[in-house]
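Below you'll find the structure, written out as structure tokens, and then a few comments.
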Amino acid sequence: MDAYRTVDAIWKMESARIIAALTRIVRDVGVAEELAQDALVAALEQWPDSGVPDNPGAWLTTVAKRRAVDHIRRDRRSAEHDELLARDLAEQRRLDDGFGGPEYDLGAAEPGSEQDDVLRLMFVSCHSILPTEARVALTLRLLGGLTASEIARAFLTVEPLIARRIASAKRTLAEERVPFELPDGTELAERLASVLEVVYLIFNEGYSATSGDDLIRPGLCLEALRLGRLLAELVPDEAEVHGLVALMEIQASRAAARTGLAGEPVPLHRQNRGRWDQLLIRRGFAAMLRARAVGTPGRPGPYLLQAAIAVCHAQARTAEETDWGRIVGLYAALAGLLPTAVVRLNQAVAVGMADGPAAGLALVDTLTWDPALRDYHLLPGVRGDLLLRLGRGEEARREFERAALLTKNAAERAYLTQRADAIPTGDASTQTFGEAIDAFLAQDRLAPATARSYGQTLWRLRLSLGVGMPLTSLTADQIAGAFRVSWGGVAAATWNRHRSAVRAFGAWAHTPGLDAAIPQRILDHRRGPAPTPVPSGAAWPGDDVEASLRERTLWTLLRESGATVAAVLALNVQDLDLPERRGRRAARRSDRRGAWLTWRSGTAALLPELLDGRTRGPVFLADRRPGPARAGILGAEDLCPKTGRGRLSYERAEFLCKSATGHSLRRLRDWDGTGNRS
């Protein structure tokens, strides 16, 4: 058993270097990993009996290279391998049975070459041609040495899904003939940014888990730190790399103080700073010094600025000694460089600490209807904290309740619910927005289809405004703000349908002016608007967009099937015939176009990963489970029995498509590079 544990530990340390060296030989990262796995199997078979060699890394490398030589000999793919084959065959004859003897000194052979190979492997794994989730999985597999099951456990998903992502990523790299080489010039900066993004994504998922029961996943944090430190060694002249390492080191130093005895989150200003890891803080400071020594040709990058903010926190012995004025200035610089909604929200927190909660709340309120923060639980969480500091407890309680509804992390949900429960409630006799919606949808006079349609609209508004808001305090401007965030980009007919739901609810609740700030849109009854001119031969917009697996599958299926959006969204898993690449239309969609909807290879490659073992329910699912009120009006055919999530709505799919590509779903379906129907 000790030998097996030794093999596993050595493999995690050596796998990236071995796979990188093999990739340089065979020019295919998938084949290189298979050859490296063959060497690992050989070690598992031989080391328990023969013992661990004196130089296990050299042993594994030699066996892996022999497998590569055999592979090249069998395939003889091209003449360029002949010289390499001859050299490796000659090397084989010089090796004795002990491996790693005086004639084979791995550490002395081309010291710079091995580092370059690992760096090349890192750039290939994080290539922008791959979707983000595939980059993360492939990086952890090839450079972290983690198995598919370990990655799946870390991200709270299933092993087959991770295995398919990794296999698909390797297949894409091979099909696109991504070169195993270091980029240069402007391409280096772009590709390096992708590498840094992947490493930081891994760290963030470990530092503040987006879902699951635990707030922190230490394994992911440690793996991201290891990758960051490795990258800093490989690219020592890039200040942003050292800045990212400094940021992760300092943030990781707070891990022990970030949770309480029950696993609940502890805010930064309430943490016991005596529990911060001083070794990690010193390492973070050292990385910042290296970044400053390297220097930046222009202004500091986003990771350096975030690291400087982390340094400010680490230098303060107590929360009261924090230099919030300097942090506000750093956030202002970061917002100028990276003007995202999340950065501006963090800036508002800093302003609230430096200039008082009223100033912070004023900034937060400018973000209230930002579409990028629509489902971001920290927006109502921050707003609730500022309101509580201003003595506006009733409003703060509603914000904490809304934040608890939005978060997918169990520890954060429990903490936010606890904060809401700790605030005394107001007049319990006043009907809340959520209670009014439930009562409205429960009316017997509403037809099931009407109740379902109204429920989709009102559930979205309730999530945006909070279930605990008193109905009497609800204003037309608040409804209009949430309405625009949710459906600002939809077609006129869809906009008017949601507006009708608000109008009907307002009339029932004796507040008929709720839709006053939502103008009715004029329907264009022409056959269709003239398409915006597109340069001839323009690429399909879905190819160059970072999107989730669900969106990519939906867009590809629409394009390959030519079916209506409604028909595609109505597909059920049990009606798919994957081997034949077809799916039976819902009964109400069986028309002159035929009962079957068919697709091609693009959809065939994506669908199995999207379904992830599901056997029944809608093919395309919403982001989360419906609330009790909405679940009651959804039919069984519109709910997934495995996940509890409902069918993806047309409005949500349309919004996501327009946000990502700038085009409607119909336009994306009909794209031919000229703006006309293909």
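Under a 3.5 Å cut-off, the side chain of Ser453 and the backbone N or O of Ala449 do not form any donor-acceptor pair. In this structure a side-chain-to-backbone donor-acceptor pair under 3.5 Å is present from Thr368 to Asp365. Under a 3.5 Å cut-off, the side chain of Arg582 and the backbone N or O of Asp577 do not form any donor-acceptor pair. Distance alone, capped at 3.5 Å, places no donor-acceptor pair between the Ser168 side chain and the Arg164 backbone. Under a 3.5 Å cut-off, the side chain of Thr556 and the backbone N or O of Arg552 do form a donor-acceptor pair. Judged purely by atom type and a 3.5 angstrom limit, Glu175 has no side-chain atom pairing as donor or acceptor with the backbone of Thr172. Remark: the backbone N or O of Gln574 is not paired with any side-chain donor or acceptor of Arg616 at under 3.5 angstrom. Side-chain atoms of Trp508 never come within 3.5 Å of backbone atoms of Ala436 as a donor-acceptor pair (strictly under, hydrogens ignored).
In summary, the side chains of Asn572 and Arg584 do not present any donor paired with an acceptor at a separation below 3.5 Å, with no hydrogens or angles considered. In the model, Thr407 has a side-chain atom that pairs as donor or acceptor with a side-chain atom of Glu412 under 3.5 Å.
Taking 4.5 Å as the limit, every side-chain heavy atom of Arg550 sits out of range of all side-chain heavy atoms of Leu621. Here the side chains of Gln478 and Met469 are in contact, with some heavy-atom distance below 4.5 Å. Put simply, the side chain of Lys170 reaches to within 4.5 Å of the side chain of Leu138, judged on heavy atoms. Looking only at side-chain heavy atoms (C-beta outward), Ile423 and Arg419 stay at 4.5 Å or farther from each other. In this structure, Leu471 and Thr430 have side chains that are not in contact, with every pair of non-hydrogen atoms separated by 4.5 Å or more. Two residues are said to be in side-chain contact when any heavy atoms from C-beta on lie closer than 4.5 Å; Val490 and Tyr650 fail this criterion. Side-chain contact between Leu554 and Leu569: present, with at least one pair of heavy atoms (C-beta onward) separated by less than 4.5 Å. In this structure the side chain of Leu549 reaches within 4.5 angstrom of the side chain of Glu133, judged on heavy atoms.
Put simply, CG on Leu386 and CG on Leu361 are 5.5 Å apart, with the number rounded to the nearest 0.5 Å. The OG atom of Ser649 sits 13.5 Å away from atom CZ of Phe620, with the distance rounded to the nearest 0.5 Å. The CG atom of Asp375 sits 11.0 Å away from atom CG of Leu405, with the distance rounded to the nearest 0.5 Å. Here CG of Asp638 is found 14.5 Å from CZ of Arg645. Values are rounded to the nearest 0.5 Å. Note: Leu378 CG to Asn346 CG = 8.0 Å, rounded to the nearest 0.5 Å. Ile518 contributes atom CD1, which lies 8.5 Å from atom CH2 of Trp487 (distance to the nearest 0.5 angstrom).
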With side chain to side chain donor-acceptor pair (under 3.5 Å) as the test, would you mind laying out the steps for Thr603 and Glu560 before giving the verdict? CA-CA 8 Å; Thr603 305; Glu560 291 186 348; 2.8 Å; yes

Q) side-chain contact (heavy atoms from CB on, under 4.5 Å) between Leu578 and Leu611: does it pass, once the steps are laid out? A) CA-CA 11 Å; Leu578 295 181; Leu611 299 181; 4.2 Å; yes

- Query: Taking it one step at a time, do Trp596 and Asp575 satisfy side-chain contact (heavy atoms from CB on, under 4.5 Å)?
  - Reply: CA-CA 10 Å; Trp596 290 97; Asp575 296 330; over 6 Å; no

Using the side-chain contact (heavy atoms from CB on, under 4.5 Å) rule, take Asp623 and Arg652 through it: C-alpha gap first, then chi angles, then the decisive distance, then the call.
-> CA-CA 10 Å; Asp623 297 312; Arg652 180 63 175 163; 3.4 Å; yes

* To do: Would you please test Tyr454 and Ile437 for side-chain contact (heavy atoms from CB on, under 4.5 Å) and show each step?
  => CA-CA 10 Å; Tyr454 285 176; Ile437 290 174; over 6 Å; no

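Across every non-hydrogen atom of Leu373 and Val342, the tightest pair is CD2-CG2, 4.1 Å. Between Pro267 and Tyr415, the shortest heavy-atom contact is CG-OH, 3.4 Å. Considering all non-hydrogen atoms of both residues, Arg135 and Ser194 come closest at NH1-OG, 2.8 Å. Contact detail for Ile162 and Ala137: the closest heavy-atom pair is CG2-CB, 4.5 Å.
Ring orientation note: the planes of His498 and Phe483 are nearly perpendicular, at an angle over 60° on the 30°/60° scale. Between Phe433 and Phe505, the ring planes are perpendicular. Angles over 60° get that label, and only those under 30° would be called parallel.
Heavy-atom neighbours of Arg521 CZ from other residues, nucleotides or ligands within 6.0 Å: above the threshold of 12. With a 6.0 Å radius and a threshold of 12 heavy atoms from other residues, nucleotides or ligands, Gln418 has its CD atom at or below the threshold. Atom CZ of Arg503 sits in a sparse spot, with 12 or fewer heavy atoms from other residues, nucleotides or ligands closer than 6.0 Å.
Electrostatic pairing of Arg460 and Glu651 does not count as a salt bridge here, judged by no charged N lying under 4.0 Å from a carboxylate O. One finds a salt bridge joining Asp438 and Arg462 here, because a Lys/Arg side-chain nitrogen approaches an Asp/Glu carboxylate oxygen to under 4.0 Å.
The one candidate from Glu401, Glu395, Glu399 that meets the salt bridge (charged side-chain N to carboxylate O under 4.0 Å, His left out) condition with Arg397 is Glu401.
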